[in-house]
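Dropping a structure here in structure tokens format, bear with me for questions.
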There are 2 protein chains.
Amino acid sequence: MNATDKIADSFSDAEARIARTRRRLPKFSVQHTTLARLSRHINKLSQERANLALRPFALNMVSYNTLMMLYGTEGHRLSPSQLADASGEKRTNITRICDELCAKGLVERVAGVDDRRSVVVSLSSSGLALIEQLQPVMTQLLGDLYGDFTIAELQELQRLLRKQVARLDRSLRAASSEPAT
Amino acid sequence: MNATDKIADSFSDAEARIARTRRRLPKFSVQHTTLARLSRHINKLSQERANLALRPFALNMVSYNTLMMLYGTEGHRLSPSQLADASGEKRTNITRICDELCAKGLVERVAGVDDRRSVVVSLSSSGLALIEQLQPVMTQLLGDLYGDFTIAELQELQRLLRKQVARLDRSLRAASSEPAT
DNA sequence: AATCAATAGTTCAGTTGTGAATTATTCATA
DNA sequence: TATGAATAATTCACAACTGAACTATTGATT
């Protein structure tokens, strides 16, 4: 493990420890652990990379993603709960993110009409303009990140990831309906 | 989109917005965006699921992972920098995590011998015992999360994820050697 | 119609993670 | 040998996220 290897692969330090762990814990699942670690590692790196591209626009992956969920909705409006579901962020985090986007003039909040408990969050014209300005930037970034894959590989990766989501949904449902341990 | 669909797939709200976005931004890459969002979604759910399993042991995924990197190292000891590399956490976060693990008596810190700037972090006997106690729990959890995949699928997923890491390494290297935008 | 359960969005307190700055130490260079 | 550059670990201030609690509102049940 020298500097050349380190440059070649940001995952190799983790990998060495996983391999060695197997020698001591015979039932340790190297394959599963490796996948879990790779997945997490990719997310850290991806977020870091995306945030670099978004920083000049005073956004990060989470705020961009939130804007895009509004953009992809009929009328560019959603309740905070719907926004949470679409973006994958927790509701309380959506409150914080919307506070920030509101302060930047990128979204607007109004009281819900049909349900007085609710709020409606919508894209402002500045928000809309920013998204369209960002489009080439993000298209290029994603092209960069996924550029080594063939079409077939992209499709296979998507199939596998969807399978994983379905399993996770089930696992979380099962785990949260269990009695407390 | 009704309650039944929601139960079936935690990703469908995001998916609908991605699809609709394409209609408005013709160059928008649905495939790449979907993959990026799936990947992030899986990580959120996985972390949530793992933390549920680890909570009874007063640990979470990050602290467990840190312990495991020590466990998988000859002599169960690493400098904080090496630990950061192995775990994928930033150095300052390693300081915080080690503070916590030290307070729990799971790791010990001593001054480095060869280099007076450095520290050596090692697993305590309690830390070692806890890892071995956790082994069946984590093996079962990972078996649960990856249980729907065939061996061939696991291997293909690993191949694809490694390809992605290699690309990300290159992309981040390129991005950080560019002049500031 | 009254009562209770569930819900929307937010607040609040705490947890988790990060980058810049710092100080002592080590390494590289002339 | 002296000087300057690079580095290890940490501190510090801040960013980002979370779960419990809360209040007003809506939905379900009797």
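Here the structure is a predicted model, which is why all the values come from computation and not from measurement. Order of the sequence lines sets the chain letters (A, B, ...), proteins ahead of strands, with each chain counted from 1. Only this structure's heavy atoms are used, side chains among them; waters, hydrogens and symmetry mates stay out.
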Take the protein atom CG of Asp114(A) and the nucleotide atom P of dT25(D), then report the distance between them rounded to whole Å.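 The answer, rounded to whole Å, is 15 Å.
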
* Is there a donor-acceptor pair under 3.5 Å between the side chain of Thr33(B) and the backbone N or O of Val30(B)? -> no

May I ask you to say whether Asp99(B) pairs ionically with Arg109(B), meaning some side-chain N is under 4.0 Å from a carboxylate O?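 Between Arg109(B) and Asp99(B) there is a salt bridge, with a charged N closer than 4.0 Å to a carboxylate O.
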
Angle between ring planes, Phe11(A) versus His41(A), binned at 30° and 60°: parallel, tilted or perpendicular?
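Because their plane-to-plane angle lies in the 30° to 60° range, the rings of Phe11(A) and His41(A) count as tilted.
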
Self-check item: Nearest-0.5 Å distance that lies between atom CD in Glu15(B) and atom CZ in Arg37(B)
Solution: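 The CD atom of Glu15(B) sits 10.0 Å away from the CZ atom of Arg37(B).
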
- Find the distance Glu48(A):CD to dA16(D):P and express it as a whole number of Å.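 Computing the Glu48(A):CD to dA16(D):P distance gives 14 Å.
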
Self-check item: Rounded distance (Å) that lies between atom P of dT10(D) and atom CZ of Arg91(B)
Solution: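 So the CZ-P distance, Arg91(B) to dT10(D), works out to 11 Å.
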
Pairs under 3.5 Å (N/O, protein and nucleotides 11-15 of chain D):
none

Item to check | Distance-only side-chain donor-acceptor flag, Asn43(B) / Ser46(B), under 3.5 Å | outcome: no

task: Looking only at non-hydrogen atoms, find the nearest pair between Pro80(B) and Ile94(B) and report the distance.
output: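 For Pro80(B) versus Ile94(B), the nearest heavy atoms are O-CG2, 3.8 Å.
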
Q. When you check the gap from the basic side-chain N to the acidic O, do Glu89(A) and Arg40(B) get nearer than 4.0 Å?
A.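 So Glu89(A) pairs with Arg40(B) through a salt bridge.
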
Whole-Å distance, Leu83(B) CG to dT10(D) P, equals 11 Å

Whole-Å distance, Arg116(B) CZ to dT10(D) C1', equals 17 Å

Touch check for Asn93(B), heavy atoms < 4.0 angstrom, all strands: base, sugar-phosphate only, or nothing?
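Counting heavy atoms under 4.0 Å across all strands, the contact made by Asn93(B) includes a base.
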
**Study point:** Segment of DNA chain C, first to last nucleotide, that comes within the 4.0 Å heavy-atom reach of chain B
**Key:**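 Counting from the 5' end, contacts occupy dT16(C) to dT26(C).
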
dT10(D), OP1 or OP2 - any side-chain N/O from Lys90(B) closer than 4.0 Å?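 It does not, given that no N or O in the side chain of Lys90(B) lies less than 4.0 Å from OP1 or OP2 of dT10(D).
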
In this structure, how many angstroms lie between the P atom of dG27(D) and the CZ atom of Arg117(A), rounded?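 Going from Arg117(A) (CZ) to dG27(D) (P), I get 6 Å.
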
request  = To the nearest Å, give me how far apart CZ (Arg55(B)) and C1' (dA20(D)) are.
outcome  =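 That distance rounds to 12 Å.
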
From the candidates dT18(D), dT10(D), dT7(D), the one with an atom nearest any side-chain atom of Pro80(B) is dT10(D)

message: Quick check against the 3.5 Å criterion: does Lys104(A) have a side-chain atom that pairs as donor or acceptor with the backbone of Ala58(A)?
response: yes

Q. In whole Å, what is the span from the CG atom of Asp85(B) to the C1' atom of dA8(D)?
A.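 Spelled out: CG on Asp85(B) to C1' on dA8(D) is 12 Å.
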
Checklist entry - Between Met68(B) and Phe28(A), is any pair of side-chain heavy atoms under 4.5 Å apart? => result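 With C-beta onward as the side chain, the pair touches.
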
